[in-house]
Number of protein chains: 2
Amino acid sequence: MPFSYEYPRPSLAVDCAVMGFDEGDLKVLLIQRGIEPFKGKWALPGGFVRMDESLDAAARRELAEETGLTNVFLEQLYTFGEVRRDPRGRTVSVAYFALVKLGKQKVAAATDAARADWFSAAKTPALAFDHNQILEMALLRLRNKVRYVPIGFELLPERFTLTQLQHLYESILGRDLDKRNFRKKALALDVLEATKDHEQGVSHRAARLYRFDEEKYAKLVKKGFNFEL
Amino acid sequence: MPFSYEYPRPSLAVDCAVMGFDEGDLKVLLIQRGIEPFKGKWALPGGFVRMDESLDAAARRELAEETGLTNVFLEQLYTFGEVRRDPRGRTVSVAYFALVKLGKQKVAAATDAARADWFSAAKTPALAFDHNQILEMALLRLRNKVRYVPIGFELLPERFTLTQLQHLYESILGRDLDKRNFRKKALALDVLEATKDHEQGVSHRAARLYRFDEEKYAKLVKKGFNFEL
DNA sequence: CCAAAAGTGTTTCACTTACACCCATGA
DNA sequence: TCATGGGTGTAAGTGAAACACTTTTGG
């Protein structure tokens, strides 16, 4: 500790596991690396932390720079610090977990990324660095967290049908849920607000659209409630 | 990214929130800083990460150096990276969460620590850096985690009575539990092995000693079970 | 009128909670 | 023999899971 500031320091990076939901399928956003090492390989978006920005800020900046995404749900996941995880030299990476409402935002590759694209979370290619491990942990976190915190709504458009919500949960949890029980429970939580509108352009009975009510949810949290789907 | 290795780098530290349980009370291990900054103030044990060691290894090393503790339960907690959290300059700290079986190990201050001592977790002094915040997060993690992972046993001696176990849970969760229900549930989980022995030297009926059965637990985990106390 | 998904209640079972007394031991 | 904590069972209530048919709409 006394001479700490003379010590050599590891490089410090952030990497983001960005997840979205589309067509009943959980997706992950990957970029194709435009530079060495691992040039041409797919990887999580990320980059180095600057001296004048917090870790969260670095994650948001890199995400915007490499993929064009802003205003996403972002939370710290885990810090990866094995000695040889980066061939360039000692690099510690703070991994982030991000959720985006797909369809709204277009992704666009930029800076060091040759391309950016969505992959089905179930079948991602072999990634650069230890990014497969990071991604695995992110998916695990999503599965665990979605059971007691309503983050699922971060993955849906502002208005959605109960069937969409159910399919989202099914694909995150990896198992089928009973329709009646699911709807009963979702509505009983009292955080969904029914709108007057219904989905459009389907060739069958149109489902009612619901909206997640942040205020009701905040009140419930205060009361020390117990969310669980 | 391209010029990353020319960028200035933050310092990288680890800090450990070490918790123990003694006399029915949850404790935290603090060191009194022997050097600036915050000389004389209490803080979490920790120090800088070396280039040739992983983050976990750094946490273990610092813990051993500053407090003499080895073989503790250790898991990464969260990484703190606000720009001005260390007056010496930009420093990012990977915080760890540690549990020790008290009574077995003596703590002894060393290196940069003037003293090391156990404090009741409920009433800790104002700490150096953002360590109060780290500690708070560690206690929160313990409260949440203890509900679905049997880490409570990391805080008890190898053999313990059911009443000790109950008091541990009560002090972590911050509320009283019903004796009969607690015992029923604890035994129903089928991870406790009754020994033939009883506690000694008490002036009332001596309670039976139990042991946590790691193997049974591992088997249950494999079967995808559901621990909860 | 057919296909396709929306929408809706009841019963059963398991688990949680509340609750009070006798037992064993050492002083 | 008294004080102290150890140890035990049952009943009521609450929440989870299983399960099938009618309704609406567009083609």
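Chain naming here is simple, since letters A, B, ... match the order of the sequence lines and numbering starts at 1 in each. These figures come from a predicted structure and were not determined experimentally.
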Distance test, side-chain N/O of A/K185 to OP1/OP2 of D/dA16, below 4.0 Å: yes
Spacing of A/H204 atom NE2 relative to D/dG27 atom C1', expressed in whole Å: 12 Å
DNA chain C contacts made by residues 160-177 of chain B, counting heavy atoms under 4.0 Å: none
Salt bridge present between A/D213 and A/R211 (N-O < 4.0 angstrom): no
Nearest-0.5 Å distance that lies between atom NZ in B/K216 and atom CG in B/D190: 4.5 Å
Residue whose nearest DNA chain D nucleotide is more 5′ - A/A206 or A/K179: A/K179
Atom-pair distance (CG on B/N181; P on C/dA20), nearest Å: 13 Å
Earlier contact from the 5' end, DNA chain C, for A/S203 and A/H198: A/S203
B/E136 atom CD, neighbour heavy-atom count above 12 within 6.0 Å: no
Ring centroid separation B/F38 to B/F129 under 6.0 Å: yes
N/O (side chain, B/R205) to phosphate O (OP1/OP2, D/dT4) under 4.0 Å: no
Parallel, tilted or perpendicular: rings of B/Y217 and B/F212 (30°, 60°): tilted
Short side-chain N/O contact to C/dG7 OP1/OP2 from A/R183, under 4.0 Å: yes
Pairwise distance CG(A/L99) to CG(A/L74) - rounded to 0.5 angstrom: 9.0 Å
